[in-house]
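Small disclaimer: the values here were computed from a predicted structure and weren't measured. Quick note on labels: first sequence line is chain A, next is B, and so on, each numbered from 1.
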Number of protein chains: 2
Amino acid sequence: MAISIRDVAARAQVAVGTVSNFLNRPDRVAEATRNKIEAAIADLNFVPNASARHLRSGSSRTIGLLVPDITNPFFTEVARGAGDTASESDYTLILCNSDEDPKKEERHLKVLIEQRICGLLITPSFEGLAGVAELNRRDIPTTFIDRRADSLDQSSVSMDDFHGGKSAIEYLASLGHKSIAWVNGPLSMAQCADREDGVMDSAKGQNIKISKFQVSQMRSQNGYEVTQNILASIAQITAIFCANDLVALGVLRALLESGKSIPKDYALIGYDDIGFSASASIPLTTIAQPAYKLGALAAQMIINEVEHGKNFKHEQIVFKPELVIRASTQALSK
Amino acid sequence: MAISIRDVAARAQVAVGTVSNFLNRPDRVAEATRNKIEAAIADLNFVPNASARHLRSGSSRTIGLLVPDITNPFFTEVARGAGDTASESDYTLILCNSDEDPKKEERHLKVLIEQRICGLLITPSFEGLAGVAELNRRDIPTTFIDRRADSLDQSSVSMDDFHGGKSAIEYLASLGHKSIAWVNGPLSMAQCADREDGVMDSAKGQNIKISKFQVSQMRSQNGYEVTQNILASIAQITAIFCANDLVALGVLRALLESGKSIPKDYALIGYDDIGFSASASIPLTTIAQPAYKLGALAAQMIINEVEHGKNFKHEQIVFKPELVIRASTQALSK
DNA sequence: CTGTTAGCGCCTTCAG
DNA sequence: CTGAAGGCGCTAACAG
């Protein structure tokens, strides 16, 4: 049978309550007693049972992290950040991957509720917002990652996607490019829509022609496939901006296979700054997002909210992404 | 206050035991009663409390997955496989990342024990084996992923690394290469040691010269850095075999930057077949490992073990990796 | 087929 | 500073 706090108490010749105190508020236990209990715990190899603790205390010290694509290095970095921060504060993190499937998202949310997570970190898909409402109804604090919260009653840690889109085009413009392909993902994703707004906004002022292309999923293969359309475009495209690095990497491969030279024939910019961008065959210029930091901060915020309860001030933090210049872009040679 | 099974019972005008039956063995509840309970659950928005259930039933239906590097696409695929399988059987998966740090590994193991996981999936580092012994002492079934179990009392799902190393060299030999660089990771990892045995074994019979190089961590950056040594080698190296794709990708970048042409100047082979290999600028020939399947099968096996208890037959499953030929290799042009 | 009941392991008063 | 007692939400007998 599993050994419990009671066995420890017996072994250490103290009452169970004392052992509990030792576990949770060691300062209230005399040193001599403390030593006895420590010894007993070591002898018995006792480890407290989290379920029992949760049940009794009402708090699970567990937070959920639900991401849409664990395969995307951006999200694994977010997960690392959140996981490290949770660990430091002695929280357990349950990481769930929805594979961009609303069904799976729903299911994971249900499991997380069963686990009585005390907080949720999520990058909600458009459809996923319904599930999130459910969490709200249960008063489970939720903070959005990489998507701005609409309500002031909710925290979020996101990026200024408008600015990101805008600065990529401005940079390209400063290089002399005037006809740019913009390869975007689904507009149902707020990130994509905002980046596009930034793109169009900056193009407007500068007499730049934007040719829009679209991929259904923001993965490498989709970028590879869409490249044919870019090459076939009648616009004299000299630069390509992709909504994320995965797509850009796919585009890069397709271009090289077609005998094009980067950055000579085409300047290429991605978005995210995943690790593979720096070590791509042609290191990718990109709009960097501090993924680890996003995850770490979001975890910190939700922990604060969980611990401070009602008198917690919700914040919508927005980071500015940063242009990272590498080898895939250069001034238009004319 | 949280609503419980008791509230549901009151609302549905039945006893708590009946509600419990409804939840766990619906077939033992009459249809009429079932409907009443269903309605009550919906009205009240009731979701059972997993902690209470675990505490009472003794089984947590939770399995842990501890990987050494969540940043490596190989492991995210493993995680996807394990996660999907766990979900299907209504198990909760707790994914932990040790970042190849024994301290973190230890800590996660402790948390997992607190959670009373009923099974553990792990790719143990050399040092991590101590922690695993702890699990054994507690009779928590553990199955190794990507590392063969030494004991017959334990399951594992691993790859035949000897074969993988061997077949890469054989393939290169068949292409006419006679002087090959072998870039390995730490020999303390069983995978690396076995691959090296395969490499040396197949080289021996064929009058092939292997020049050994080593990286401390199997990441892209390390491959990039070690390439200088390869280029500086006095051996007339014509092919390079790397212990994983991440390293190979780093080597590839360094080679291209040095003006080398792949596969003309050097044939290059990686290991794992992560997604980025296929879409690298020069698609990588590699030794493919079915990561998703590894994870899925391991999860299935541990679930079987958990559910069948003592009369469970442990298995050490070993997959054969497969050579995937892409553009980064060609016959030696002489 | 349904109802009753006794804990699972722990934490938290509240007296001593 | 320590000890005794009650109960968190649920399940698993067992009795009706």
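A/Val19 comes within 4.0 angstrom of no nucleic acid atom, judged by non-hydrogen atoms across all strands. Nucleic acid contact class of B/Val14 (heavy atoms, under 4.0 Å, all strands): sugar-phosphate only. Contact annotation for A/Ser4: backbone-only contact, meaning every heavy-atom pair under 4.0 Å involves sugar-phosphate atoms and none involves a base. When heavy atoms are screened at a 4.0 angstrom cut-off, B/Phe46 is found touching the sugar-phosphate backbone but no base atom.
Side-chain nitrogen and oxygen atoms of A/Ser51 include none within less than 4.0 Å of the OP1 or OP2 phosphate oxygen of C/dG9. Distances shown here put a side-chain N or O of B/Thr18 below 4.0 Å from the OP1 or OP2 atom of C/dG3. Applying the 4.0 Å criterion to OP1 and OP2 of D/dA12, one finds that B/Ser57 has every side-chain N and O outside that range. Between B/Arg25 and D/dA12 there is a side-chain N or O to OP1 or OP2 distance below 4.0 Å.
Under a 3.5 Å cut-off, the side chain of B/Asp99 and the backbone N or O of B/Asp101 do not form any donor-acceptor pair. Under a 3.5 Å cut-off, the side chain of A/Ser57 and the backbone N or O of A/Ser59 do form a donor-acceptor pair. Between the side chain of A/Arg56 and the main chain of A/Arg53, no donor-acceptor pair closer than 3.5 Å is present.
In the set C/dC8, C/dC11, C/dT12, C/dC8 carries the atom at the smallest distance from any side-chain atom of B/Leu55. Candidate nucleotides D/dT11, D/dT2, D/dA5 were compared by shortest atom distance to the side chain of A/Val29, and D/dT2 ranks first. Here C/dT2 is the nucleotide among D/dC10, D/dG6, C/dT2 with the atom lying nearest to any side-chain atom of B/Thr33. Considering only the side chain of B/Ala52, D/dC10 comes nearest among D/dC10, C/dC10, C/dC11.
For the pair B/Ile37 CD1 and C/dC1 C1', the computed distance is 11 Å after rounding to whole Å. Atom CZ in A/Arg34 sits about 9 Å away from atom P in D/dC1, given to the nearest Å. Between the CG atom of A/Asn49 and the P atom of C/dC8 there is a distance of 12 Å, rounded to whole Å. Here the C1' atom of nucleotide D/dG9 and the CZ atom of A/Arg53 are 18 Å apart, to the nearest Å. Computed from coordinates, the B/Leu23 CG to D/dC10 P distance equals 8 Å when rounded to whole Å. With rounding to whole Å, A/Arg6 atom CZ is found 13 Å from D/dG3 atom C1'. Residue B/Arg61 contributes atom CZ, which lies 12 Å from atom P of D/dT11 at whole-angstrom precision. If you measure from atom CD1 of A/Ile5 to atom P of C/dG9, you get 11 Å, rounded to the nearest angstrom.
Using a 4.0 Å cut-off between charged side-chain N and carboxylate O, B/Arg34 and B/Glu38 make no salt bridge. A salt bridge does not link B/Lys103 to B/Glu106: none of the charged nitrogens lies less than 4.0 Å from a carboxylate oxygen.
For the residue pair A/Gln316 / A/Ser158, no side-chain donor-acceptor distance below 3.5 Å is found, with atom types taken as modelled.
Between A/Arg28 and A/Arg56, the one whose closest nucleotide on DNA chain D sits nearer the 5' end is A/Arg28. Map A/Val16 and B/Asp27 each onto its nearest nucleotide of DNA chain C; the residue landing nearer the 5' end is B/Asp27.
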